[in-house]
Q: 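Handing you this structure, nothing more for now.
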Amino acid sequence: MEESHRIWTIPNVISFLRLALIPVFGYLILAGHDVAAVLVLVVAGATDWLDGALARRLGQVTVLGRVLDPIADRLYILVTLIGLAVRDFIPWWLLAVILARELVIVVAQTFLKAHGFGYFQVHIAGKAATFALMYAFPLLLLGSLGGTFGYVATVTGWAFALWGVGLYWIAAGIYVGQAVRALRPVAA
């Protein structure tokens with residue numbers, strides 16, 4: 001499907017709303033309103049799926065939408081990680097590992113753009129990593145509820161988090177490989 005340069009499409013409006021919820025979510029997580037924060041994450045996750053499905057179904061795939069979607073995903077992940085680290089739900093090294101991965105992607109993407117190439121071709125490993133992390137964070141937040149439910153949520157959340165981080169780095173390797181293959185003829 002060909003991408004348009006339109007801005008005001010239904011999927012893009014949904015993406016803008018998802019972005020607008022990030023500061024609300026940040027406040028909720030830092031203030032310890034964990035159930036409300038999880039609800040915002042659920043809404044964000046649902047709108048993440050909805051904007052893409054509508055874009056394809058309505059023929060409203062746009063260049064802006066292709067950029068907004070991963071930006072929103074990464075901002076939710078970043079705000080969640082900062083909130084969880086500040087509240088000692090996760091160690092700071094986890095935040096550092098994910099930020100290092102993002103730095104690798106930004107550098108590789110910058111090289112591609114500087115040589116006239118587009119964005120990375122999204123890989124299933126990257127989608128699976130985001131999916132795993134988006135499940136991990138609400139579960140880790142729900143761990144604050146304590147009791148058996150909190151314990152199970154924490155253990156399951158950590159399983160998703162570690163799986164997600166591993167997949168995140170595997171996807172980074174795939175994306176760097178894409179960049180190297182694209183730039184190899186330029187270097188020659």
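The structure presented is a predicted model; accordingly, all values stated were derived computationally and were not measured.
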Q: Strictly by ring-ring contact (aromatic ring centres under 6.0 Å, His included), give each pair with a member in residues 82-115 just once, sequence neighbours left out.
A: none
Q: Only distances under 3.5 Å count here; give the side-chain donor-acceptor pairs of residues 36-53 to other protein atoms, sequence neighbours excluded, each with its distance to 0.1 Å.
A:
{"unit_1": "T47", "atom_1": "OG1", "unit_2": "V43", "atom_2": "O", "d": "3.1"}
{"unit_1": "T47", "atom_1": "OG1", "unit_2": "A44", "atom_2": "O", "d": "2.9"}
{"unit_1": "D48", "atom_1": "OD1", "unit_2": "R18", "atom_2": "NH2", "d": "3.4"}
{"unit_1": "D51", "atom_1": "OD2", "unit_2": "S15", "atom_2": "OG", "d": "2.6"}
{"unit_1": "D51", "atom_1": "OD2", "unit_2": "R18", "atom_2": "NH2", "d": "3.3"}

Q: Compare all side-chain heavy atoms of I7 with those of T62 and state whether any distance is below 4.5 angstrom.
A: no
Q: Quick check: closest heavy atoms across I105 and F120, and the distance to 0.1 Å?
A: O-CE1, 3.9 Å
Q: Side chain to side chain contact (heavy atoms under 4.5 Å, CB included) for V97 and Y168? Distances and angles first, verdict last.
A: CA-CA 10 Å; V97 165; Y168 227 38; over 6 Å; no
Q: Side-chain contact test, heavy atoms from C-beta onward, threshold under 4.5 Å: evaluate it for F137 versus I90 and give yes or no.
A: no
Q: Tell me, with the steps shown, if L81 and L133 meet side chain to side chain contact (heavy atoms under 4.5 Å, CB included).
A: CA-CA 10 Å; L81 285 169; L133 291 173; over 6 Å; no
Q: Transitively linked via ILVMFWY side-chain contacts under 4.5 Å: L140 with V155?
A: no
Q: Answer yes or no: is there a donor N or O on one side and an acceptor on the other, between the side chain of R181 and the main chain of G177, under 3.5 Å?
A: yes
Q: Going by the salt bridge (charged side-chain N to carboxylate O under 4.0 Å, His left out) test, which pairs reach into residues 154-175, not counting sequence neighbours?
A: none
Q: For W158, does the CH2 atom sit with more than 12 other heavy atoms under 6.0 Å from it, leaving out its own atoms?
A: yes
Q: Only pairs at least two apart or in different chains count here, so list each salt bridge (charged side-chain N to carboxylate O under 4.0 Å, His left out) that has a residue in residues 99-116.
A: R74-E102
Q: Supply the members, apart from Y135, of the Ile/Leu/Val/Met/Phe/Trp/Tyr cluster built from side-chain contacts under 4.5 Å; use none for a lone residue.
A: F131, L139, F160
Q: Any salt bridge (charged side-chain N to carboxylate O under 4.0 Å, His left out) pairs touching residues 22-36, not counting sequence neighbours?
A: D34-R87
Q: Apply side-chain contact (heavy atoms from CB on, under 4.5 Å) to L30 and list each qualifying residue two or more places apart in sequence or on a separate chain.
A: V86
Q: Do V152 and L142 share a hydrophobic cluster, counting only Ile, Leu, Val, Met, Phe, Trp and Tyr and linking them when any side-chain heavy atoms are less than 4.5 Å apart?
A: no
Q: If you look only at pairs with a residue in residues 51-87, which of them pass as a ring-ring contact (aromatic ring centres under 6.0 Å, His included), with sequence neighbours excluded?
A: F25-Y76
Q: Less than 3.5 Å apart, which donor and acceptor atoms pair up between the side chains of residues 123-130 and the rest of the protein, not counting sequence neighbours?
A:
{"unit_1": "H123", "atom_1": "ND1", "unit_2": "A125", "atom_2": "N", "d": "2.9"}
{"unit_1": "T130", "atom_1": "OG1", "unit_2": "G126", "atom_2": "O", "d": "3.1"}

Q: Working to the nearest 0.5 Å, report the span between CG of L99 and CG of L78.
A: 6.0 Å
Q: Spell out, yes or no, whether V67 and F16 are grouped together once hydrophobic residues are joined by side-chain heavy atoms under 4.5 Å, including indirect joins.
A: yes
Q: What verdict does the side chain to side chain contact (heavy atoms under 4.5 Å, CB included) test give for L103 and V107, after you've listed the backbone C-alpha separation in whole Å, the side-chain angles of each residue and the deciding distance to 0.1 Å?
A: CA-CA 6 Å; L103 182 61; V107 168; 4.3 Å; yes
Q: Check side chain to side chain donor-acceptor pair (under 3.5 Å) between T154 and all other residues, then give those that pass, not counting sequence neighbours.
A: none
Q: Any idea which heavy atoms bring G164 and A132 closest together, and the distance?
A: CA-CB, 3.6 Å
Q: Using the rule that two of Ile, Leu, Val, Met, Phe, Trp, Tyr join whenever any of their side-chain heavy atoms come within less than 4.5 Å, decide whether V106 and V176 are in one cluster.
A: no
Q: Starting at OG1 of T9, measure out to CG of L64 and round the result to the nearest 0.5 Å.
A: 7.5 Å
Q: With a 4.5 Å heavy-atom cut-off, do I77 and M134 have their side chains touching?
A: yes
Q: Can you tell me which residue pairs pass the side chain to side chain donor-acceptor pair (under 3.5 Å) test with a partner in residues 22-31, sequence neighbours excluded?
A: none
Q: Could you tell me which residues satisfy salt bridge (charged side-chain N to carboxylate O under 4.0 Å, His left out) with R6, sequence neighbours excluded, listed by chain and number?
A: none
